[in-house]
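Hydrogens, waters and symmetry mates are skipped; everything else that's a heavy atom, side chains included, is used. Note on naming: letters A, B, ... go to the chains in the order of the sequence lines (proteins, then strands), and numbering restarts at 1 for each one.
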Amino acid sequence: MPENPLLTEPDDTGRKLPKTFEPGSFEERWYSVWENDGRFQPSGVPGSPRFVMVIPPPNVTGKLHIGHAYGRTIEDILARWKRMLGMRVLWVPGTDHAGIATQMVLERQLARQGIDRRELGREKFVERVWAWKSEAKDTIQAQMKRLGCSLDWTRERFTMDPDLSRAVRHVFVKLYEEGLIYRGRYVVNWCPRCETAVSDLEVVHRETDGSLYKIRYDVAGVRDGATVATTRPETMLGDTALAIHPEDPRTANLAGRTATLPIVGREIPILADAILVNREFGTGVVKVTPAHDANDFAMGQRHDLSSVVVIGPNGKMTEEAGEYAGLDRFEARRRIVARLIEENRLSVEPYRNSVGHCQRCDTVIEPYLSEQWFVKIAPLAGPAIRAVEDGTIRFVPESWTKTYFEWMKNIHDWCISRQLWWGHRIPAFTCLNGHVTVSEEDPSACPTCGSAPLAQDTDVLDTWFSSQLWPFSVFGWPEKTPDFLDFYPTDVLVTGYDILFFWVARMIMAGLHFTGQAPFSTVHLHGLVRIGGEKMSKTKGNVIDPLEAIAEFGADAVRFTLASAASSGATVSVERGRMAGSRNFATKLWNAARFTLSSLEGQKVPEDLGTRPLSLPDRWILSRLAGAARDVNRHLSEFRFDEAAASIYAFVWHDLCDGYLEMVKPVLSGREGTDEARESLRGVLLRCLLDSLALLHPFMPFLTEEIWDKATGRPGTLIVSPFPTGEGVPTASDAERVIEAVRALVTRVRNYRGERGTTPTEPVELWVSPESPDRELAARIPSVAPLLRHLGRIPEVLFEAPPASAFRDVVAGLSIGLRVKEASAESGGARTDKALAEIEAEYEGLSAKMRNPSFIDKAPPAVVEKTRRRLTELEERRAALSAGRS
RNA sequence: GGGGGGUUAGCUCAGCGGUAGAGCUCCUGCUUUACACGCAGGUGGUCGCAGGUUCGAUCCCUGCACCCCCCACCA
């Protein structure tokens, strides 16, 4: 065997692909090569076509799970695809400080050491969080590198970096000056465990079986008093009124009277309020607790009621609760219920209602009256709605548009202050005289009265307040930095639909308001990863760690699996079986490459295939390759990663490996064909391999780069090599038809052997009749006789009408005859019967259709014609099969 | 209370007007000069139920059943 110069050049030692495919042996190496070569940084001149994404910054709470890997894989596929298409690609990495979530992680860590953060003090605590953040960031970064994400690490950002913090502060001050940020005492969602306010979105409602308590209040002059219903009886201690509907006859006798609050003995007015009270609902009387219910608070404002806070920030009853002070709210509830029963004032019935829980720690949320900062959101929502209406921003899949509109149109003010230590401190300063200053720079003295010192607000901002600025704060905004001018607005945002409101909607509002531009033009909302149909959770133990999966199957296989699982649905199902399947595919490609490279014998990268005559299989595979390239590009442009993956998978495995490689072996080995044919074929073979590698690179970057290196001797350059588009390559429909017919014939021969129960090598005689239904095709079959003989292991193919003794059938429009010398006892009779029955059934159905005048009349002519042809085909097959039976 | 999605082969999912596909599983053969993580065949589906529209429905419409998700100030 001649030496392959590609494999033997001195500097090419080890260029041969090892026999076994071991992804772990090269994956990390290629990542370093790409990174060191600056491939992840945008190249090319400003102004040329660019593609920009920002990563949804993962929380620095721990490590990434497979759901993150899924989103990042999608982004990396887009990034690599666009990069190979020649665009200046920038994908910005970073992490989110995730205020409440990260603080919780640290609190738990401290708790394990028996430390309460309050013992530590704010400064020491925050120091520890920073240390943790640095650790978590490293872990996350390593995970994304291992996955192959082509992120530009020179531009990595963190939401609490100095310049990003500056952006936050700038935005806060601007909104404050515009009157869109205000401070006030309102009833907010309060988590007694986290001891902070949370926004409406951070409250998770769950249907819960509980009780409805009906409490009778004494009313002077009314014998039966007034009965109110509540699910939280302990709040009655804070009642400052009862409310009735002004037009409800049931409660008219209570109007203007005074009730006595049980236990407490406080006299409270009975007021009419049409807004709070629903005429039809319950007893018609409502207890009013302005400090612990948002509706009651609003009612209190309308009627100038006082607010009595009876439950404190830690969930324990306050001094206002009298004898219950210091008790946990639920213990207080039990005791109050007991007391009211004792006093014969209470009836209890089972009741199912929705109870709010803290998104982070699952503690039951307590509505709580406190001083908070809010964003007046409606003025920001309008432009954000219009940007989607007018197509400036589009959602993929489009169905999210409606959800977005629904939420935006019913949007409520956003509580942005958090009573936490980890996060952006609110830039509001109060002097000794109570003047409040909000400013970008820390003031040294009060601008109003000149007094000093000033105390900064101790609260921090909701994490999402900084995340909403991410698409522009990462570029240094509000400074007009070169990066901001060059890369903003971004192009595509990829994220899970679960943060559509938390993040996406707010980025759109913030982007439009502050930069005057939509932060991105396309939002791809993907589903959430499920394992075996269940949501991933630590308690269920079904969490897949991306690193473990990568260790077992290789990063390429994990990525390919995730891409293949991508669908437009709300859930993305990932299974181990899929991972193994992808790994098998990677191995398949590896072996196909080994075979191809070992067959090249010095063939260089084909620059131009047009100068040599191409065989029918050559033209077929090149046509299929171009088709696959077009499909992959089309599917990627439609965010159909599953379809794109399936297209390239089917091409590589079923067309290239199962088809072309097998067809070509006799010529390659020298058993058949001319030297010229061999030369030509090698060029085609290499072209197919290289284009497959390119098409597959966005999905399986490591393996493809490894093979590319061995095939071309240009290490680390596939990542920036042109992506095949298949444009301008005409479909070789004649070659496709002939080759597909060959494959169908070969399958039929194998089938026939199976039916006869003979071995795969049993000599079979094959007749292909020139008098076939498709004569044109039949006339071309003699030219591919060697292929038929080789693939079907058929000693002789005869181009004449089959003898009566042969088994007859019609395949792909060709009338054929088959005969085996020695059939075993098991004949194909049963299968032929089955085939005939199927033909009969279909024939019946179709001919009934053809007899229907309105079908002929109304169906498109093409459909009618197709049906007619199919009928003819069935007739011929039926005739052939029946005739072939003895 | 409002809104959205789902129900297709044993499993996980594509398809969404012209009588169904993939991967995995399963069955039967096979050391065919890349690959047993393979090759070649094959089994397997009244496309949730009932109506309607249509020449024709898994695909469109209506209703029902079961499942999932989101939103909501459900005393």
Could you list the residues that satisfy ring-ring contact (aromatic ring centres under 6.0 Å, His included) with A:F699, not counting sequence neighbours?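 Applying ring-ring contact (aromatic ring centres under 6.0 Å, His included) to A:F699 gives none.
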Is it true that [Y] and [X] share a donor-acceptor pair across their side chains at a distance under 3.5 Å?
{"X": "A:N591", "Y": "A:R594", "value": "yes"}
{"X": "A:Y217", "Y": "A:D239", "value": "yes"}
{"X": "A:H412", "Y": "A:D200", "value": "no"}
{"X": "A:E202", "Y": "A:S199", "value": "yes"}

Can you tell me how far [atom1] in [N] sits from the matching atom in [M], rounded to whole Å?
{"N": "B:C24", "M": "B:G38", "atom1": "P", "answer": "8 Å"}
{"N": "B:U58", "M": "B:C49", "atom1": "P", "answer": "11 Å"}
{"N": "B:U46", "M": "B:U7", "atom1": "C1'", "answer": "16 Å"}
{"N": "B:G4", "M": "B:U62", "atom1": "P", "answer": "11 Å"}
{"N": "B:G56", "M": "B:G48", "atom1": "C1'", "answer": "23 Å"}
{"N": "B:C13", "M": "B:A20", "atom1": "C1'", "answer": "14 Å"}
{"N": "B:C47", "M": "B:A9", "atom1": "C1'", "answer": "10 Å"}
{"N": "B:A22", "M": "B:G44", "atom1": "C1'", "answer": "15 Å"}

From the options [options], select the nucleotide whose nearest atom is closest to the side chain of [X].
{"X": "A:R578", "options": "B:A75, B:U12, B:A14", "answer": "B:U12"}
{"X": "A:S854", "options": "B:C35, B:C55, B:C70", "answer": "B:C55"}
{"X": "A:K588", "options": "B:C39, B:A75, B:G23", "answer": "B:C39"}
{"X": "A:Y649", "options": "B:A75, B:G23, B:G38", "answer": "B:G23"}

Face-on cation placement of A:K588 at A:Y649 ring, 6.0 Å and 45° thresholds: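 Because its charged atom misses either the 6.0 Å distance or the 45° angle limit, A:K588 does not stack over A:Y649.
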What's [X] touching, base or sugar-phosphate or nothing? Going by heavy atoms closer than 4.0 Å.
{"X": "A:R870", "answer": "nothing"}
{"X": "A:G581", "answer": "nothing"}
{"X": "A:L661", "answer": "base"}
{"X": "A:R594", "answer": "sugar-phosphate"}
{"X": "A:V228", "answer": "nothing"}
{"X": "A:A646", "answer": "nothing"}
{"X": "A:P853", "answer": "nothing"}
{"X": "A:A294", "answer": "nothing"}
{"X": "A:G356", "answer": "nothing"}
{"X": "A:R753", "answer": "nothing"}

A:Y368 vs A:W190, test: ring-ring contact (aromatic ring centres under 6.0 Å, His included). Steps then yes/no. CA-CA 6 Å; A:Y368 176 64; A:W190 184 271; 4.7 Å; yes
Taking [atom1] from [X] and [atom2] from [N], how many angstroms apart are they, rounded to a whole number?
{"X": "A:D498", "N": "B:C70", "atom1": "CG", "atom2": "P", "value": "9 Å"}
{"X": "A:N584", "N": "B:A34", "atom1": "CG", "atom2": "P", "value": "19 Å"}
{"X": "A:L589", "N": "B:C35", "atom1": "CG", "atom2": "P", "value": "15 Å"}
{"X": "A:K866", "N": "B:G56", "atom1": "NZ", "atom2": "P", "value": "18 Å"}
{"X": "A:F560", "N": "B:C37", "atom1": "CZ", "atom2": "P", "value": "19 Å"}
{"X": "A:M850", "N": "B:C55", "atom1": "CE", "atom2": "C1'", "value": "12 Å"}
{"X": "A:F281", "N": "B:A72", "atom1": "CZ", "atom2": "C1'", "value": "14 Å"}
{"X": "A:F595", "N": "B:C39", "atom1": "CZ", "atom2": "P", "value": "14 Å"}

Parallel, tilted or perpendicular: which describes the rings of [X] and [Y], with under 30° parallel and over 60° perpendicular?
{"X": "A:H526", "Y": "A:Y70", "answer": "perpendicular"}
{"X": "A:F560", "Y": "A:F585", "answer": "tilted"}
{"X": "A:F501", "Y": "A:W407", "answer": "parallel"}

Heavy-atom nearest nucleotide on RNA chain B for A:T867 versus A:S669: which residue maps closer to 5'?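 It is A:T867, whose closest nucleotide lies nearer the 5' terminus.
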Which is more 5' along RNA chain B, the nucleotide nearest A:E406 or the one nearest A:V285? Just name the residue.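 The residue mapped nearer the 5' terminus is A:E406.
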Please tell me if [X] has a side-chain N or O lying less than 4.0 Å from either OP1 or OP2 of [N].
{"X": "A:K214", "N": "B:A75", "value": "no"}
{"X": "A:K402", "N": "B:G4", "value": "yes"}
{"X": "A:S573", "N": "B:C13", "value": "yes"}
{"X": "A:R206", "N": "B:C71", "value": "no"}
{"X": "A:Y351", "N": "B:C74", "value": "no"}
{"X": "A:H654", "N": "B:G23", "value": "yes"}
{"X": "A:K849", "N": "B:U19", "value": "no"}
{"X": "A:N591", "N": "B:G38", "value": "no"}

Pair partner, [N] [Watson-Crick or wobble, under 3.5 Å]:
{"N": "B:A14", "answer": "none"}
{"N": "B:U19", "answer": "none"}
{"N": "B:U43", "answer": "none"}
{"N": "B:C64", "answer": "B:G48"}

Do A:T587 and B:C37 have a side chain to base donor-acceptor pair shorter than 3.5 Å?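 A donor-acceptor contact between them is present.
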Ignoring hydrogens and geometry beyond distance, is the side chain of A:S354 in donor-acceptor contact with the base of B:C74 at under 3.5 Å?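 Check passes, donor-acceptor contact within cut-off.
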Can you find a pair of side-chain heavy atoms, one from A:M236 and one from A:T230, that are under 4.5 Å apart?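 SC-SC contact between A:M236 and A:T230 ruled out.
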State, yes or no, whether a side-chain contact exists between A:D631 and A:R634 at a heavy-atom distance under 4.5 Å.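 Yes; the side chains approach each other to less than 4.5 Å.
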Annotated protein contacts, base or backbone, on nucleotides 40-47 of chain B with a non-hydrogen cut-off under 4.0 Å, one of B, S, - each: SSSSS---
